[in-house]
Amino acid sequence: MNLDDVAAQLGEALKTIEGLNVPEWGVRRVYPPFALIPLPEQVEYDATYGRGSDRIEDWPLLVLLSRPTEPETRKAIAAYADGSGPKSVKAAIEAHTYTAFDSVRVGRAEFDVVSYDGVDYLAAMFHLDITGKGT
């Protein structure tokens, strides 16, 4: 799997969520709410015989919202963390059609206040399990 292609296609899936900005990696000026798709910590090669498949057990994907202590921000992040619905990250990621890999499952989400470029945001970190053909 080409990790850059995987990240690009995950970004395309997220762009189907109305109002969620998906900037290119490394952009310093962002407009909340926005999603970031960093690289995973590791890739497991050769999960099946030979070069049959590779697996990324924990690819992080973040959704960040401004004003982390406001009640409406909590309601907004809850919609992104919902298992289904128009703002659901899980639904958007799992419903999309991909060519860079074979399957993806959003396994869990964690929440925290994080800083990006000196600004605090309420963040939901989604953990994706991705499998694709070994090349």
Side-chain angles (χ1 to χ4, degrees):
M1 290 184 291
N2 179 299
L3 299 182
D4 197 48
D5 292 344
V6 172
Q9 290 186 10
L10 292 171
E12 290 302 316
L14 291 172
K15 288 177 184 175
T16 66
I17 300 174
E18 186 176 338
L20 182 63
N21 295 303
V22 186
E24 289 187 36
W25 182 253
V27 170
R28 298 196 66 86
R29 176 170 270 191
V30 292
Y31 302 95
F34 65 100
L36 296 175
I37 307 167
L39 289 173
E41 287 188 22
Q42 68 181 28
V43 177
E44 180 182 331
Y45 297 110
D46 308 329
T48 59
Y49 180 76
R51 292 291 302 128
S53 69
D54 296 338
R55 183 174 179 202
I56 302 163
E57 290 187 40
D58 190 9
W59 187 308
L61 184 156
L62 293 98
V63 172
L64 293 95
L65 288 83
S66 59
R67 301 184 329 257
T69 60
E70 297 294 322
E72 57 270 4
T73 304
R74 179 179 166 143
K75 289 178 183 176
I77 204 125
Y80 290 114
D82 198 342
S84 62
K87 297 279 188 186
S88 170
V89 168
K90 178 176 175 61
I93 291 292
E94 293 181 354
H96 198 71
T97 301
Y98 301 96
T99 58
F101 56 93
D102 298 326
S103 67
V104 60
R105 184 180 74 84
V106 180
R108 70 183 192 278
E110 299 173 343
F111 306 91
D112 201 357
V113 175
V114 301
S115 181
Y116 182 80
D117 201 30
V119 178
D120 286 343
Y121 296 95
L122 180 59
M125 179 184 288
F126 297 88
H127 297 270
L128 284 57
D129 187 343
I130 298 174
T131 303
K133 290 182 176 68
T135 54

*Asks:* Minimum heavy-atom separation for Ile77 and Ala123, please, with both atom names.
*Replies:* CD1-C, 3.9 Å
*Asks:* With sequence neighbours left out, write down each residue that passes salt bridge (Lys or Arg N to Asp or Glu O under 4.0 Å) with Arg28, or none if nothing qualifies.
*Replies:* Asp117
*Asks:* Following the transitive rule for hydrophobic clusters with a side-chain heavy-atom cut-off under 4.5 Å over Ile, Leu, Val, Met, Phe, Trp and Tyr, establish whether Phe126 and Val113 coincide in one cluster.
*Replies:* yes
*Asks:* State the CD-CD1 distance between Gln9 and Ile93, to the nearest 0.5 angstrom.
*Replies:* 11.0 Å
*Asks:* Start with the C-alpha distance between Thr69 and Asp120, add both sets of side-chain angles, then the distance that settles side chain to side chain contact (heavy atoms under 4.5 Å, CB included), and finish with yes or no.
*Replies:* CA-CA 10 Å; Thr69 60; Asp120 286 343; over 6 Å; no
*Asks:* When rounded to the nearest 0.5 angstrom, what distance separates CG in Leu64 from CG in Asp112?
*Replies:* 10.5 Å
*Asks:* In this structure, would Leu3 and Leu36 fall into the same cluster of hydrophobic residues linked by side-chain contacts under 4.5 Å?
*Replies:* no
*Asks:* So which atom in Pro40 and which in Pro60 form the shortest heavy-atom distance, rounded to 0.1 Å?
*Replies:* CA-CD, 3.9 Å
*Asks:* Any side-chain heavy atom of Leu14 sitting closer than 4.5 Å to one from Ile37?
*Replies:* yes
*Asks:* Between OG of Ser103 and CG of Leu128, what distance do you get to the nearest 0.5 Å?
*Replies:* 10.5 Å
*Asks:* Below 4.5 Å, heavy atoms only, C-beta onward: do Leu62 and Pro38 meet side chain to side chain?
*Replies:* yes
*Asks:* With side chain to side chain contact (heavy atoms under 4.5 Å, CB included) as the criterion, how do Leu10 and Tyr98 come out once you've worked through the C-alpha distance, each side chain's angles and the decisive distance to 0.1 Å?
*Replies:* CA-CA 8 Å; Leu10 292 171; Tyr98 301 96; 4.0 Å; yes
*Asks:* Connecting only ILVMFWY residues whose side-chain heavy atoms lie within less than 4.5 Å of each other, what is the rest of Tyr31's hydrophobic cluster?
*Replies:* none
*Asks:* Which heavy atom of Gly85 sits nearest to which heavy atom of Ala91, and what is that distance?
*Replies:* O-CB, 4.3 Å
*Asks:* Take Val63 and Met125 through the side chain to side chain contact (heavy atoms under 4.5 Å, CB included) test and state the conclusion after the steps.
*Replies:* CA-CA 7 Å; Val63 172; Met125 179 184 288; over 6 Å; no
*Asks:* Which heavy-atom pair separates Ala35 from Pro23 by the least distance, and what is that distance?
*Replies:* O-CD, 3.4 Å
*Asks:* Under the side chain to side chain contact (heavy atoms under 4.5 Å, CB included) rule, collect the residues that match up with Asp129, sequence neighbours excluded.
*Replies:* Arg55, Thr131
*Asks:* Quick one: side chain to side chain contact (heavy atoms under 4.5 Å, CB included) partners of Asp58, sequence neighbours excluded?
*Replies:* Arg108, His127
*Asks:* Could you give all pairs that pass the side chain to side chain donor-acceptor pair (under 3.5 Å) test and reach residues 81-97, with sequence neighbours left out?
*Replies:* Lys90-Glu94
*Asks:* State plainly whether one hydrophobic cluster holds both Val89 and Val22, where clusters connect Ile, Leu, Val, Met, Phe, Trp and Tyr through side-chain heavy atoms under 4.5 angstrom apart.
*Replies:* yes
*Asks:* Among residues at least two apart in sequence or on other chains, which ones pass side chain to side chain contact (heavy atoms under 4.5 Å, CB included) with Gln42?
*Replies:* none
*Asks:* Identify, with sequence neighbours excluded, every residue that meets salt bridge (Lys or Arg N to Asp or Glu O under 4.0 Å) alongside Asp102.
*Replies:* Lys133
*Asks:* According to ring pair (Phe, Tyr, Trp, His ring centres under 6.0 Å), who are the partners of Tyr80, at least two apart in sequence or on a separate chain?
*Replies:* none
*Asks:* Which residue pairs pass the side chain to side chain donor-acceptor pair (under 3.5 Å) test with at least one member in residues 17-27, sequence neighbours excluded?
*Replies:* none
*Asks:* Quick one: list whatever passes side chain to side chain contact (heavy atoms under 4.5 Å, CB included) with Thr73, sequence neighbours left out.
*Replies:* Leu65, Arg67, Glu70, Leu122
*Asks:* Can you tell me how far the CG atom of Asp54 sits from the OH atom of Tyr45, to the nearest 0.5 Å?
*Replies:* 6.5 Å
*Asks:* Set out, in order, the CA-CA distance, both residues' side-chain angles and the distance that settles side chain to side chain contact (heavy atoms under 4.5 Å, CB included) for Val6 and Trp59, then state yes or no.
*Replies:* CA-CA 10 Å; Val6 172; Trp59 187 308; 3.6 Å; yes
*Asks:* Kindly state each residue pair satisfying salt bridge (charged side-chain N to carboxylate O under 4.0 Å, His left out) with at least one member in residues 2-15, sequence neighbours excluded.
*Replies:* Glu12-Lys15
*Asks:* In terms of hydrophobic clustering (I, L, V, M, F, W, Y; side-chain heavy atoms under 4.5 Å; direct or indirect links), are Val114 and Phe111 co-clustered?
*Replies:* no
*Asks:* Of all residues at least two apart in sequence or in a different chain, which pass the ring pair (Phe, Tyr, Trp, His ring centres under 6.0 Å) check with Phe34?
*Replies:* Tyr116, Tyr121
